[in-house]
Amino acid sequence: MKQFWAFVKKEWYHISRDYRTLLVLIGMPIVQILIFGYALSNEVKNTRIAILDFAGDSYSKELTDKIEASRYFETVTYLRSMNEIDRSLRSGEAKMVVVFPNNFTQQLVHQHESQLQLVTDGSNPNLSATLINYINAITRDFQTRVINEVSLPYTIHVQTRMMYNPQLLGAFTFVPGVIALVLMLICTMMTSVSIVKEKELGNMEILLVSPMHPLAVVFSKAVPYIGLSVGILSIILLLSVFLLGVPISGSIILLYVVSLIFIISALALGLLISTITNSQQVAMMISLMGLMLPTMMFSGFMFPIESMPIPLQWISNIVPAKWYFFSIQSIMIKGLGMEAILKEFLTLCGFAIFFLVLSVRNFKVRMA
Amino acid sequence: MSIQIENISKSFVGDRKVSALQNISFQVEPGKIFGLIGPDGAGKTTLFRILTTLILADEGQATVQKYDVIKDYQKIRRIVGYMPGKFSLYQDLSVLENLKFFATIFGTTIDENYNLIKDIYIQLEPFRDRKAGALSGGMKQKLALCCALVHRPEVLFLDEPTTGVDVVSRAEFWDMLKRLQTKGITILASTPYMDEASMCDEIALIQDGQILSINTPSGLISEFDSPLYGVSADDMYNVMNDLRDHTSVVSCNTFGAEHHVQLKPDIDPTVIRKDLEKSGHENVRVELITPTIEDCFMNLMQQ
């Protein structure tokens, strides 16, 4: 045991003396959280639109004001003719043009029906769809008010409520995503690289010719990284709670327990990588390409898994980050307890055991 | 026997099959310094790795302190000290931290075996807080030796401990090994430097995975079967060419300021001097000399 802790201490010297790597390890999640939180987001804000108002009557003006007043849109120009629509979209001056027909108010009042044309820039389909949804919502709101004035006998009021994330903040998805990504990266890449480094520099040669069991050598390397990962996890959580306003609705203890299981499975994966290669570059490439990409694509944090083709959905099942992402999302955002994430939790435990067994079996007590 | 090697063979399969060791056998008595002398690529490191249980031989058996290198590898790892040819300590740890670390993983402390490493450690003491990576070549080797010794091993394996170290430090290093020998440690050391061979109790000349000869340094020299002459003249380069073309000369190798020449049986060395003078060489000197280990090695290589 004394040997084990001597090794942990030595490993800690390596980590703490390599300032640059340490800075990257701690800086990366902070920068990611800040970038995702403030710069990158799929929320639509202040989109520039143009208005082409053939009616110019009271309701068209009122609706225009309503659209402008929302934080999603910003009117840049008022067009005069249909010909200008194309130019306006082409130049990128506006992302959408709202066209009011002649007699907008009149038709609405007398025929109880009027039309509104939305012309959008379809080169970005997601954005267009979102814009149309927003306009629809504003229009519906407006309509209700008008109807109320007229007061028709039968109406259905649709009331929507977004549970758990009423403001539809992107931070609610990416905070769990960044946590999964960063933990995967630190645990897997750093352990595999640091073990392979010992092989590459020849230190392993001496360590093997010592009474310490070679497995103890690699396991003791994992300990400081567990500590580091938990520390970084705490930093991310603090940032997201106090800076981005993402709450931790569920149990913090459960959050850490699940994270610990995920960390262990990621470490075991790093161990496994280190048993199959002898070069730091290869270890890094496997960790980056083989783990980073699947983690980003198949964890559900960037692309919803439900909308993937079935074969890809199967593949996503073998990505540990997917199960972890789902668990912490449930705990953090929905505030669910252990019973809700039991399946995910057990799957993560299974991954951890599987990778550990595989890497121990694969481990060589000699050089070749 | 402290180390016993029987018919060990090992080859590596790569682009083409390389036979690193072919049927090697020798033994080392307890408390002796055994030298493995041979050029780069002779198979010395492979043999060290087999004996330190790092790799498995294709054929043959080997024991260290009666423990089998395959079956009892864990026991061997407790009782040997190993210093690989490449500096393998932690460069970002200080001298003291390295030493403490290796003492701890071998389940001991620096104080416990301080008397063993004292002579060497005293020289390192002024740099105890310096990072190992910032030490000079000789200091690195001393630190590596300290780390290999800190658990008082019964057998010490030193793979080219003096390669890349200056002449003075090399001599010091061998003095240290001699002192360690008096404490009952068996030492197997390899070196490409022939002059270090005389420091060993017994040496094996190894080349291309084969042992050319095993003997004591003096025994090896006395085995040298024909007289050897040292030849020098003003124009050393042309003398060498003329000697190599001479019909009575078996071999001619350059050693420092003179050529070591072996003649065919029953040839009078004065004939050589006269022939060289006839070819226009001045200040020709031919005299009988005692062969060095290197001469023996060259001789065995050419056979």
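Just so you know, these numbers come straight off a predicted model, no measurement behind them. Residue numbers begin at 1 in each chain, while the letters A, B, ... track the order of the sequences.
At a 4.5 Å heavy-atom cutoff, A:V217 makes no contact with chain B through either its backbone or its side chain. Interface remark: B:F87 contributes backbone atoms only to the contact with chain A (heavy atom separation under 4.5 Å). Residue B:T108 does not touch chain A at all, counting heavy-atom pairs closer than 4.5 Å. In this structure, the portion of A:L201 lying under 4.5 Å from any heavy atom of chain B is its backbone and not its side chain. Heavy atoms closer than 4.5 Å to chain A are found in both the backbone and the side chain of B:L89.
Contact count against chain A (heavy-atom pairs under 4.5 Å) is highest for B:K86 among B:K86, B:Q91, B:K100. Ranked by heavy-atom pairs under 4.5 Å with chain A, the first of B:F106, B:Y90, B:F101, B:F157 is B:Y90. Comparing B:R49, B:H151, B:M83 by how many heavy-atom pairs each has under 4.5 Å with chain A, the most go to B:R49. The candidate from A:Q3, A:K2, A:M212 with the greatest count of non-hydrogen atom pairs under 4.5 Å with chain B is A:Q3.
The number of heavy-atom neighbours closer than 6.0 Å to CZ of A:F354, taken from other residues, nucleotides and ligands shown, is 12 or below. Other residues, nucleotides and ligands place no more than 12 heavy atoms under 6.0 Å from the NZ atom of B:K118. Residue B:M1 qualifies as enclosed at atom CE: its count of foreign heavy atoms under 6.0 Å is above 12. Other residues, nucleotides and ligands contribute more than 12 heavy atoms inside 6.0 Å of the CG atom of A:L288. Remark: A:Q281 CD is loosely packed, at most 12 non-hydrogen atoms of other residues, nucleotides or ligands lying under 6.0 Å away. In B:K66, the NZ atom is not crowded: 12 or fewer heavy atoms of neighbouring residues, nucleotides or ligands sit closer than 6.0 Å. The number of heavy-atom neighbours closer than 6.0 Å to CD1 of A:I253, taken from other residues, nucleotides and ligands shown, is 12 or below.
Closest approach of B:L93 and A:R17 over heavy atoms only: CA-NH1, 3.6 Å. For the residue pair A:N203 and B:S88, the shortest heavy atom distance occurs at OD1-O, 2.5 Å. Between A:V209 and B:V80 the shortest heavy-atom distance is CG1-CG2, 3.6 Å. Among all heavy-atom pairs drawn from A:R366 and B:V69, the shortest one is NH1-O, 3.7 Å.
Atom CZ of residue B:F102 and atom NZ of residue A:K10 lie 8.0 Å apart, to the nearest 0.5 angstrom. Taken to the nearest 0.5 Å, the CD atom of A:E205 stands 8.0 Å off from the OG1 atom of B:T45. To the nearest 0.5 Å, atoms CG (A:L208) and OG1 (B:T53) are separated by 7.5 Å.
One finds no salt bridge joining A:K9 and B:E97 here, because no Lys/Arg side-chain nitrogen approaches an Asp/Glu carboxylate oxygen to under 4.0 Å.
Taking 4.5 Å as the limit, every side-chain heavy atom of A:D18 sits out of range of all side-chain heavy atoms of B:D92.
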